Amino acid sequence: MQHITGRISVVEAMRTIQKSEGSFSATVIVLKKKMRKKFRNIAFNCYGRVADEAVKFMQNDKVSIEFLIDSKHYSHAKGSGWNTNLQATEIERFVPKPKFDVAQELNLD
């Protein structure tokens with residue numbers, strides 16, 4: 001499992017996927033992340049409970065996402081290659097950790 005933090009760029013509209021076992025929610029959330037001095041967009045597929053949580057966030061919210069990476073090989077008449085999908089397994093608002101403990105710094109003992 002991988003982990004990343006970034007600012008939300010896009011939250012797509014919720015859709016419902018119907019399967020023989022039942023239905024569930026799905027959406028895509030896109031983070032904007034600065035890597036090697038350049039902003040990059042990273043899209044995550046969200047399903048079920050994670051999709052329900054994802055649509056509650058707004059553009060520019062800072063979030064932390066835990067995700068799975070899945071790559072599949074494809075081939076067609078023009079060639080072949082690989083597609084990689086990122087599936088979010090957890091999403092939550094990012095809360096920065098304090099750099100120091102205020103109680104220790106002030107010696108309140």
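Start at 1 with the first residue, then count along the sequence. Computed over heavy atoms, backbone and side chain alike; hydrogens, waters and symmetry mates excluded. All figures in this text were calculated on a predicted structure; none of them were measured in a lab.
Taking CG of N83 as the reference point, atom NZ of K72 lies at 9.5 Å (rounded to 0.5 Å). Taking CD from Q59 and NZ from K32, the interatomic distance works out to 8.0 Å, rounded to the nearest 0.5 Å. Here the OG atom belonging to S9 is positioned 9.0 Å from the CG atom belonging to N60, to the nearest 0.5 angstrom.
Annotation for Y47 and A26: closest pair CD2-CB, 3.7 Å, computed over non-hydrogen atoms. The two residues S23 and Q18 make their nearest non-hydrogen contact at CB-OE1, 3.5 Å. The two residues S25 and D52 have their closest heavy-atom pair at OG-OD1, 3.1 Å.
Every residue two or more places apart in sequence or in another chain that forms a salt bridge (Lys or Arg N to Asp or Glu O under 4.0 Å) with E90 is listed here: R49.
Listed for the R40 side chain is no donor-acceptor partner under 3.5 Å among the backbone atoms of K33.
No side-chain heavy atom of D70 sits less than 4.5 Å from a side-chain heavy atom of Q87.
When hydrophobic side chains of Ile, Leu, Val, Met, Phe, Trp and Tyr are connected at separations under 4.5 Å, M35 ends up clustered with I4, I8, V11, M14, I29, L31, I42, F44, V50, V55, F57, V63, I65, F67, I69, L86, I91.
T5 and S64 are not linked by any side-chain donor-acceptor pair at a separation below 3.5 angstrom, with hydrogens and angles left out of the test.
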